[in-house]
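Note that the structure is a prediction, hence the values are computed from the model and not measured. One-based numbering along the sequence shown.
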Amino acid sequence: MNRFGIRQTAILVIPILVVAAVWFFSGQTSSSRGSERVGTVAKGEVAQRVTIAGNVIPERRTIIIAPYEGYIQKLFVKVGDKVKAGDPIVMVAVSLTTPERIFPVRAPYAGTVVQVPKFEGEFVKTDPAQFIARIDDLS
């Protein structure tokens, strides 16, 4: 065979081999993909969580401050608690070891406790900047 014959044969054989390879491999991948996509469909609810930045402005809000300087003897609430009007919020004593009966400071209205920056045993003053708890009416 001369040089021209080999080149002409190669030009014909190479495309045939490429087409055969593409046909062979595409046939295998499509059949294996088909089995992976088989599944069942069920009716249900679609839930999506959406986060939105903003401020909640309460109908009413109040801060609970100490009626006198002293120590927090007992905290009755924590952040997130729902309170009714008259529920006890905190008991403040002049001393932590006082034997006298102490009456709690109570919630002025129903609402949600949104802040409690103080802890039991902590010294508190009658300063509104050092409040014990904040209650908001979120209705």
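- When the salt bridge (Lys or Arg N to Asp or Glu O under 4.0 Å) test is applied to Lys84, no partner is found at least two apart in sequence or on another chain.
- Counting only residues at least two apart or on different chains, the salt bridge (Lys or Arg N to Asp or Glu O under 4.0 Å) pairs with a member in residues 110-120 are Lys118-Glu122.
- In terms of heavy atoms, Ile63 sits closest to Pro128 at CD1-O, 3.6 Å.
- Hydrophobic cluster membership for Ile52: Val50 (Ile, Leu, Val, Met, Phe, Trp, Tyr linked by side-chain heavy atoms under 4.5 Å, directly or transitively).
- Other residues sharing the hydrophobic cluster of Val116, ordered by chain and number and joined by side-chain separations under 4.5 Å: Ile64, Tyr68, Ile72, Leu75, Phe76, Val77, Val79, Val83, Ile89, Val90, Met91, Val92, Val94, Ile102, Val105, Tyr109, Val113, Val124, Ile132, Ile135.
- Cluster partners of Phe123 are Tyr71, Leu96, counting Ile, Leu, Val, Met, Phe, Trp and Tyr whose side-chain heavy atoms approach within less than 4.5 Å, directly or via other members.
- Residue Ile57 places its CD1 atom among 12 or fewer non-hydrogen atoms of other residues, nucleotides or ligands, all under 6.0 Å distant.
- Contact between Pro108 and Ala85 at its shortest, heavy atoms only, is O-CB, 4.1 Å.
- Among pairs with a residue in residues 124-133, none fulfils salt bridge (Lys or Arg N to Asp or Glu O under 4.0 Å), at least two apart in sequence or across chains.
- Residues near Phe103 contribute nothing to a hydrophobic cluster around it, because no ILVMFWY side-chain heavy atom sits closer than 4.5 Å to its side chain.
- By the side chain to side chain donor-acceptor pair (under 3.5 Å) test, Asp87 is found to be paired with no residue, residues two or more places apart in sequence or in another chain being considered.
- For residues 60-75, the set of pairs meeting the salt bridge (Lys or Arg N to Asp or Glu O under 4.0 Å) definition, not counting sequence neighbours, comprises Arg60-Asp137.
- In this structure, OG1 in Thr112 is found 11.0 Å from CZ in Arg134, a value given to the nearest 0.5 Å.
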